[in-house]
J.: 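Just dropping this structure here.
Order of listing sets the numbers, starting from 1, for every ligand and every atom in it. Values below: all heavy atoms of this structure, side chains included; hydrogens, waters and symmetry mates excluded. Count residues from 1 along the sequence. As the structure is a computational prediction, the values presented were derived from the model and not from experiment.
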Amino acid sequence: MFDIKKITVLGAGAMGNGIAQVSAQAGYQVIMQDITEEALQRGMATIRKSLDKMASKGKIAPEKVEETLSRINTAVDLEEAAKDADLVIEAVPEILDLKIEIYKRLDVVCKPEAIFGSNTSTLPITVLGAATKRPQQVCGIHFMNPVPVMPGVELIKGRLTSDEVMEVAVNYVKSIGREACLAVDYAGFIVSRLLDVVQNEACKLVMEGNAPEEIDKAMKLCANWPIGPCALMDLVGLDIVEHGLGTLENDLGPEYKAAPLLRQMVRAGELGRKTGRGFYEYNK
Ligand code: CAA
């Protein structure tokens, strides 16, 4: 069985820094790559904050904070970051052309046996695999937000992904203390396909006059959700939800069209927590 020791995470945003964190916590040597030093510094600061929070609540030993951080190196240069990796986890923005370009570059620079896992929440893995000469080594490793606390990871087998690579991915997910949920490779897989639809319906409910607070209260108290769909959109990012629906609409049909309110809020920059305002207001 292929032995993963070195992991490169592409992207230092909310998902990328979380993936780097949980991988380093499990003992992997990690390189987190992004295109600017500022993005990397922000990512490292978020990881430190999360580890400090866990230590202050007794969830990890205090010495684990520095130990974990010492296993994460950062890099701006993609080729330099990825050349020695056993596993590259890609968590760059959900722009298909950008991802395809990155997979082409990775294919050239990485070791022949290296595995590529995409954290995409909706884009089919088969398309990403097709950008490489190793589609059998490309799979989906889809983490949930917030990565440090969510126990499930969706694993997606592209049409050409090998069973052996899926086994390596399952073992990686187990090794970081998470549980793998296996999904078939159609746009949105399981989690985004279901959540995006519910979130889109929540937008329509707001348009029809329902208060976000009441929608969220109803789903918490009547369906036992930990947070309601409006608060969840604010957490994930309204732009991410709109983008996910766009991919579902393109691949699966017009019933996934984003609600006018969702589009309007994205155009207004009301993206949720990350911009300080979505369905609710946040102190940035
Ligand atoms: N790092 C470390 N600890 C964290 C953390 C972080 N980033 N974020 C939260 N926590 C901890 C808190 O400190 C808290 O710890 P205690 O229980 O010890 O107090 C615990 O997690 C719970 O947090 P809160 O009390 O702040 O709030 P909460 O009870 O609402 O729980 C939540 C937060 C776990 C996020 C919960 O609201 C939840 O499960 N929400 C749903 C999340 C979800 O559905 N995620 C999937 C989104 S879809 C997605 O991500 C896919 C995609 O691609 C779009």
Side-chain angles (χ1 to χ4, degrees), residues 11-25 42-62 64-65 68-69 89-95 99 117-125 140-156 176-179 181 183 187-200 202 215-217 219-221 223-248 256 258 262 266 271-274 278-280 282-283:
M15 301 309 287
N17 73 56
I19 297 166
Q21 176 184 333
V22 297
S23 299
Q25 277 182 269
R42 269 198 308 275
M44 288 305 289
T46 304
I47 295 174
R48 178 176 284 281
K49 203 168 143 198
S50 171
L51 291 168
D52 281 343
K53 194 190 248 185
M54 287 175 156
S56 74
K57 295 186 171 194
K59 289 180 183 166
I60 57 171
K64 288 277 173 204
V65 175
T68 302
L69 288 168
I89 303 181
E90 167 273 307
V92 307
E94 293 280 84
I95 303 165
K99 288 195 195 263
S118 178
N119 184 60
T120 179
S121 53
T122 44
L123 296 168
I125 300 306
I141 308 183
H142 181 207
F143 287 81
M144 303 299 141
N145 190 346
V147 180
V149 289
M150 296 300 283
V153 176
E154 209 175 16
L155 285 186
I156 304 103
I176 57 167
R178 265 62 184 172
E179 181 125 7
C181 309
F189 321 123
I190 296 172
V191 177
S192 298
R193 172 101 168 253
L194 292 172
L195 281 182
D196 285 354
V197 169
V198 174
Q199 292 171 142
N200 205 27
I215 296 171
D216 284 352
K217 187 167 73 179
M219 290 309 283
K220 280 165 70 176
L221 300 185
N224 227 0
W225 280 35
I227 55 174
C230 298
L232 185 57
M233 278 187 272
D234 280 359
L235 174 72
V236 168
L238 273 71
D239 53 331
I240 302 288
V241 178
E242 187 197 31
H243 184 276
L245 286 162
T247 304
L248 293 175
Y256 296 96
L262 179 58
V266 171
L271 306 184
R273 285 174 185 264
K274 61 187 167 190
F279 289 98
Y280 301 95
Y282 304 88
N283 298 324

J.: Protein non-hydrogen atoms only, distance under 4.0 Å: does atom 29 (O) of ligand 1 have such a neighbour?
T.: no
J.: So which protein heavy atom does atom 36 (C) of ligand 1 come closest to, and at what separation?
T.: Pro226 CB, 4.1 Å
J.: Could you tell me whether a side-chain N or O of Ser56 sits under 3.5 Å from a main-chain N or O of Lys53, the two making a donor and an acceptor?
T.: yes
J.: With a 4.0 Å cut-off, strictly under, does atom 26 (O) of ligand 1 pick up any protein heavy atom?
T.: no
J.: So which heavy atom in the protein is nearest atom 45 (N) of ligand 1, and how far is it from that ligand atom?
T.: Asn145 O, 2.8 Å
J.: Return the residue, atom name and 0.1 Å-rounded distance of the protein heavy atom closest to atom 7 (N) of ligand 1.
T.: Pro148 CG, 3.9 Å
J.: Would you say that Ile240 contacts Lys274 through its side chain, given a criterion of any heavy-atom pair below 4.5 Å between the two side chains?
T.: yes
J.: Please report the C-alpha distance between Val236 and Leu195 in whole Å, then the side-chain angles of each, then the deciding distance to 0.1 Å, and finally whether the side chain to side chain contact (heavy atoms under 4.5 Å, CB included) criterion is met.
T.: CA-CA 11 Å; Val236 168; Leu195 281 182; over 6 Å; no
J.: Among Gly188, Ser50, Ala91, which one puts a heavy atom closest to atom 2 (C) of ligand 1?
T.: Ser50
J.: Please report the closest heavy-atom contact between Phe189 and Pro124, naming both atoms and the distance.
T.: CE2-CA, 4.4 Å
J.: Applying a 4.0 Å heavy-atom criterion (strictly less than), which segment of Met15 is in contact with ligand 1: side chain, backbone, both, or neither?
T.: neither
J.: Just going by heavy-atom distances, which of Asp52, Leu235, Leu195 is nearest to atom 48 (S) of ligand 1?
T.: Leu195
J.: Do any nitrogen or oxygen atoms of Lys59 lie less than 3.5 angstrom from nitrogen or oxygen atoms of ligand 1?
T.: yes
J.: Taking non-hydrogen atoms only, is Val236 closer than 4.0 angstrom to ligand 1 via side chain, backbone, both or neither?
T.: side chain
J.: Can you check whether Ala12's main-chain N or O pairs, donor with acceptor, with Asn17's side chain at less than 3.5 Å?
T.: yes
J.: Would you please determine whether His142 falls within less than 4.0 Å of ligand 1 on a heavy-atom basis?
T.: yes
J.: Can you pull out the closest protein heavy atom to atom 44 (O) of ligand 1? Residue, atom name and distance to 0.1 Å, please.
T.: Leu232 CD1, 3.5 Å
J.: Indicate whether atom 19 (O) of ligand 1 is within a distance of less than 4.0 angstrom of some protein heavy atom.
T.: yes
J.: I need the single residue from Glu154, His142, Glu94 that forms a side chain to side chain donor-acceptor pair (under 3.5 Å) with Ser121. Which is it?
T.: Glu94
J.: Would you say atom 32 (C) of ligand 1 touches the protein, meaning some protein heavy atom is under 4.0 Å from it?
T.: no
J.: Looking only at protein heavy atoms, identify the closest one to atom 37 (O) of ligand 1 and say how far it is in Å.
T.: Ile227 CG2, 3.2 Å
J.: Is atom 22 (C) of ligand 1 touching the protein, meaning some protein heavy atom lies under 4.0 Å away?
T.: no
J.: Would you compute the distance between atom CG of Leu221 and atom CG of Asp216 and round it to the nearest 0.5 angstrom?
T.: 10.5 Å
J.: Which of the listed options, Lys220, Gln199, Lys57, holds the heavy atom that is closest to atom 13 (O) of ligand 1?
T.: Lys57
J.: Gln21 and side-chain contact (heavy atoms from CB on, under 4.5 Å): which single residue from Leu51, Leu69, Ile176, Val147 fits?
T.: Leu51
J.: Could you walk me through whether Tyr256 and Thr247 satisfy the side chain to side chain contact (heavy atoms under 4.5 Å, CB included) test, starting with their C-alpha distance in whole Å, then the side-chain angles of each, then the deciding distance to 0.1 Å, before giving a yes or no?
T.: CA-CA 9 Å; Tyr256 296 96; Thr247 304; over 6 Å; no
J.: Report the member of Met144, Met150, Met233 with the shortest heavy-atom distance to atom 43 (C) of ligand 1.
T.: Met150
J.: Checking contacts here: is it the side chain or the backbone of Val241 that comes within 4.0 Å of ligand 1, counting heavy atoms only? Could be both or neither.
T.: neither
J.: To check you understand the geometry: which heavy-atom pair defines the closest contact between Ile227 and Leu235, and what is its length?
T.: CD1-CD2, 4.3 Å
J.: With a heavy-atom distance limit of 4.0 Å, tell me whether Lys53 approaches ligand 1 through its side chain, its backbone, both, or neither.
T.: side chain
J.: Check Val147 against ligand 1 and report side chain, backbone, both or neither, counting heavy atoms closer than 4.0 Å.
T.: neither
